[in-house]
Amino acid sequence: MAGIPYRFERTADAAGLHQRYRELSPGQETDDEVAVAGRVMLVRRQGRIAFATLHDSSGQVQLFARQQVTGDFEAFTRLSLGDWVGAGGRVVKTNKGELSVLVERWELLAEARRSFGDKWKGVTDVETRFRQREVDLWANEGSRQVLETRSRLVSLLRHRLEELGFVEVETPLLHVIPGGATAKPFVTHHNALDMDLYLRIAPELFLKRLVVGGFDKVFEIGRVFRNEGLSPRHNPEFTMLELYQAYADYTDFLTLVEELVSGLALELRGTTVLSYGGRRLDLTPPWRRETMARLVTEATGKPASVHTPVDELRQRLAAAGGQVHEQWGPGKLLLELYEKTTEPDLWGPVFVTDFPAEVSPLARRHRADAELAERFEPIVAGRELGNAFSELVDPDDQRRRFEEQAAARVAGDEEAMAVDEDYLRALEYGLPPTAGLGIGIDRLVMLLTDSANIRDVIAFPTLRPERLTD
RNA sequence: GCGCCUCUAGCUCAAUGGCAGAGCAACGGACUCUUAAUCCGCAGGUUGGGGGUUCGAAUCCCCCGGGGCGCACCA
């Protein structure tokens, strides 16, 4: 583009100016020269003077142009809403008390060829907001703040984990066998090897192989991919924190989760008592801990556990409106009954503990009851925030669980796991007692920014393409 | 995948079977302290796409597409 400079030397931002010149009185002028840059959002011409509101990432400040002092004054008054400019001049406060840069020289840094939204109402159309996120971020202050909060949250989390001695690692996104969770994967193809590969549905198995290799505290924050439906709480690619700690069990992670989440609330919101969707959410530790069996018993008014006769569980699930499959054992039936009757009414925060072993193929059996797993899910604001367990370390038991999964897969369960021989071999080298935890970062950001839709916390959420005709 | 709702100017919205409109933005002009400035003027549309009913369709019906919410699946 002709006339567009390659760089602009900025010496101040809007927030910094307001901070520094708070005490300036109306009409007062300084001799301080500054250079600011950003997007012009409003221009008010007043004959031989003009005012423009300049937005930068820190806030906004007024540009004050005068025919006598401003270079190319006529062109300045013709700036359009959305144009990027860099402007230099002295800091002044107008007679009406608005902090301004009295523009002496300025440069157009980019032209807005497309006009921005309504200057008062912004852009509210949900489709436009997510398809043209760049417009949403400029037009709607709140949209940008959510993403800034997300950035701070991830940074705080990372630093906190490093303080605790965890080492950040990166494991493959392309998997030969999608493992570590039960979900449908995306498939892709490697040409040179002529083989299908899967985008990971979880980093779990590789992280535990690193523990086998001697990393006793590891974590990964990264994208995972699940080929499932979209909803206000589901995006096909989302960000997960997974961490593993050797010599620990799932009880250690109860307190870790409480402390991490309430600590983030304190840092980002200044309190552990939040409001989410208009409803009170008290994240102050300790959180309630309750077994799944007890919660289901409480919710249905009738004892239920993995030891309840299968026929009774089937009957009760059917009565609750659930589908019943012949091959389901008591563990799966109890989980379904929990999801039908109990989970929808949980608000939390609450740790739901001791899931059936049948539905926890990577978790270690409960030390007090072999039909249960040492596993919990934190439920916060009515949704699963994560998943944690004492890791299954016995290669023989792991093989049996994989084989049960493989059988379910053959029977038609598309989400069941496959036998991962590489992982079994790693276990045979010895995985020490280890606790593992996964937390959905997007959902955590939703909680702490009071966002109702996961798309609000993802810069570019997955959308069906607009079928542009050619 | 199924159900309900929705799509009108760049943006935010009117018009419920009878001439497609307003505000803001854009464009032209006036104005020496504005704050969504104000004032004057000008332009802007295949009403998401296609078909049907009707003398007449943004409006009613059908098909297709995008989006939202719910269900299902899951974090």
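Note on naming: letters A, B, ... go to the chains in the order of the sequence lines (proteins, then strands), and numbering restarts at 1 for each one.
- To the nearest angstrom, P of B/U38 lies 11 Å from CD of A/Q46.
- Between A/Y423 and A/F402, the ring-plane angle classifies as perpendicular under the 30° and 60° cut-offs.
- With hydrogens and angles disregarded, a donor-acceptor distance shorter than 3.5 Å links the side chain of A/D450 to the backbone of A/G277.
- The nearest pair of heavy atoms linking A/W287 to A/E258 is N-OE2, 2.7 Å.
- Comparing atom distances between the A/L81 side chain and each of B/U32, B/A26, B/G67 picks out B/A26 as nearest.
- Within 4.0 Å (heavy atoms only), A/F64 reaches at least one base atom of the nucleic acid.
- Looking only at distances, a side-chain donor or acceptor of A/R144 sits under 3.5 Å from a matching main-chain atom of A/L137.
- For the pairing with A/F76, the ring pair (Phe, Tyr, Trp, His ring centres under 6.0 Å) check across A/W106, A/F64, A/F51 returns one residue only, A/W106.
- Note on A/G47: a base of the nucleic acid sits closer than 4.0 angstrom, heavy atoms only.
- Residues from residues 276-283 of chain A lying near RNA chain B, meaning a heavy-atom separation below 4.0 Å, are absent.
- Between the CZ atom of A/F51 and the P atom of B/U32 there is a distance of 12 Å, rounded to whole Å.
- Among B/U32, B/C11, B/G66, the nucleotide with an atom closest to any side-chain atom of A/V123 is B/C11.
- A straight line from CE of A/M41 to C1' of B/C24 spans 13 Å, rounded to a whole angstrom.
- No hydrogens or angles were tested; on distance alone, nothing pairs the side chain of A/D118 with the base of B/G10 as donor and acceptor under 3.5 Å.
- Residue contacts for A/N453: at a heavy-atom cut-off of 4.0 Å it reaches the sugar-phosphate backbone alone, with no base atom in range.
- Under the 3.5 Å distance criterion, with hydrogens and angles disregarded, no donor-acceptor pair is assigned to the side chains of A/T182 and A/E415.
- Only the C1' atoms considered, B/A37 is 14 Å distant from B/C24, to the nearest whole Å.
- For the residue pair A/T239 / A/R150, a side-chain donor-acceptor distance below 3.5 Å is found, with atom types taken as modelled.
- Within 4.0 Å of A/T124, counting heavy atoms only, lie sugar-phosphate atoms of the nucleic acid but no base atom.
- Using N1 to N3 plus N6-O4 or O6-N4 for Watson-Crick, or N1-O2 and O6-N3 for G-U wobble, each under 3.5 Å, B/U53 pairs with nothing.
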Practice task
Check the pair A/K208 / A/E204 against salt bridge (charged side-chain N to carboxylate O under 4.0 Å, His left out), numbers first and verdict last.
Solution key: CA-CA 6 Å; A/K208 283 188 277 190; A/E204 173 155 355; 2.8 Å; yes
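- Under the Watson-Crick and G-U wobble criteria, each requiring two contacts below 3.5 Å, nucleotide B/A43 is left unpaired.
- Across the protein-nucleic acid pair, A/L42 atom CG and B/G23 atom P stand 18 Å apart, rounded to whole Å.
- If you take atom P in B/U12 and the same atom in B/G17, they sit 26 Å apart, rounded to whole Å.
- Of the C1' atoms belonging to B/A26 and B/G44, the separation is 9 Å, rounded to the nearest Å.
- Judged by the 6.0 Å distance and 45° axis criteria, A/R375 is positioned over the aromatic ring of A/F355.
- Spacing of P atoms, B/G65 relative to B/C39, comes out at 47 Å, to the nearest Å.
- Between the side chain of A/T70 and the backbone N or O of A/V103 there is at least one donor-acceptor pair closer than 3.5 Å.
- With both pairing distances under 3.5 Å, B/G65 is matched to B/C7 as a Watson-Crick or G-U wobble pair.
- Looking at heavy-atom distances under 4.0 Å, A/G122 makes contact with sugar-phosphate atoms alone, never a base.
- Taking atom P on both B/G56 and B/A72, the two are 47 Å apart, rounded to the nearest angstrom.
- A gap of 15 Å separates the C1' atoms of B/C62 and B/A57, to the nearest Å.
- At a threshold of 4.5 Å between non-hydrogen side-chain atoms, the residues A/Q245 and A/F253 count as touching.
- Here A/Q62 lies in heavy-atom contact (under 4.0 Å) with a base.
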Can you name the atoms? Protein N/O to nucleotides 71-73 of chain B N/O, anything below 3.5 Å, with the distance.
residue, atom, partner, partner atom, Å
B/A72, OP1, A/K340, NZ, 3.4
B/C73, O2', A/E415, OE2, 2.9

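- Distance, A/W120 CH2 to B/A22 C1': 18 Å, rounded to whole Å.
- Separating the CD atom of A/Q68 from the C1' atom of B/C33 is a distance of 13 Å, rounded to the nearest angstrom.
- Between B/G67 and A/R464, a contact under 4.0 Å exists linking OP1 or OP2 to a side-chain N or O.
- As judged by a 4.0 angstrom heavy-atom cut-off over every strand, A/R114 is placed among residues making no nucleic acid contact.
- Rounded to whole Å, the distance from CZ on A/R129 to P on B/C11 is 15 Å.
- When both pairing distances are held under 3.5 Å, B/U16 makes no Watson-Crick or G-U pair with any nucleotide shown.
- Out of B/C31, B/U12, B/G66, the shortest distance to the side chain of A/R131 is found at B/G66.
- Among the protein residues, A/I439 comes within range of no part of the nucleic acid, since none of its heavy atoms lies under 4.0 Å from any strand.
- Backbone-only contact: A/D125 has heavy atoms under 4.0 Å from sugar-phosphate atoms and none from a base.
- Not a single donor-acceptor pair under 3.5 Å links the side chain of A/R133 to the backbone N or O of A/F460.
- Across every strand in view, B/G70 sits in a pair with B/C2 that passes the Watson-Crick or G-U test at under 3.5 angstrom.
- At B/C33, none of the side-chain N or O atoms of A/R44 fall inside 4.0 Å of OP1 or OP2 (strictly under the cut-off).
- Using a 4.0 Å heavy-atom distance criterion, A/R383 is classed as making no nucleic acid contact.
- Between the C1' atoms of B/G48 and B/C7, the separation comes to 6 Å (whole Å).
- Using a 4.0 Å heavy-atom distance criterion, A/E384 is classed as a sugar-phosphate-only contact.
- Contact annotation for A/N227: no contact, since no heavy-atom pair falls under 4.0 Å across all strands.
- B/C69 and B/A22 have their C1' atoms separated by 30 Å, with the value rounded to a whole Å.
- One finds no side-chain N or O of A/K119 lying less than 4.0 angstrom from the OP1 or OP2 phosphate oxygen of B/C24.
- Place A/R78 and A/I49 on RNA chain B by their nearest nucleotides, and A/R78 ends up nearer the 5' end.
- Between the side chains of A/T171 and A/R209, no donor-acceptor pair of N or O atoms lies under 3.5 Å.
- Contact between the side-chain N/O atoms of A/S80 and the OP1/OP2 oxygens of B/C27 is found at a separation under 4.0 Å.
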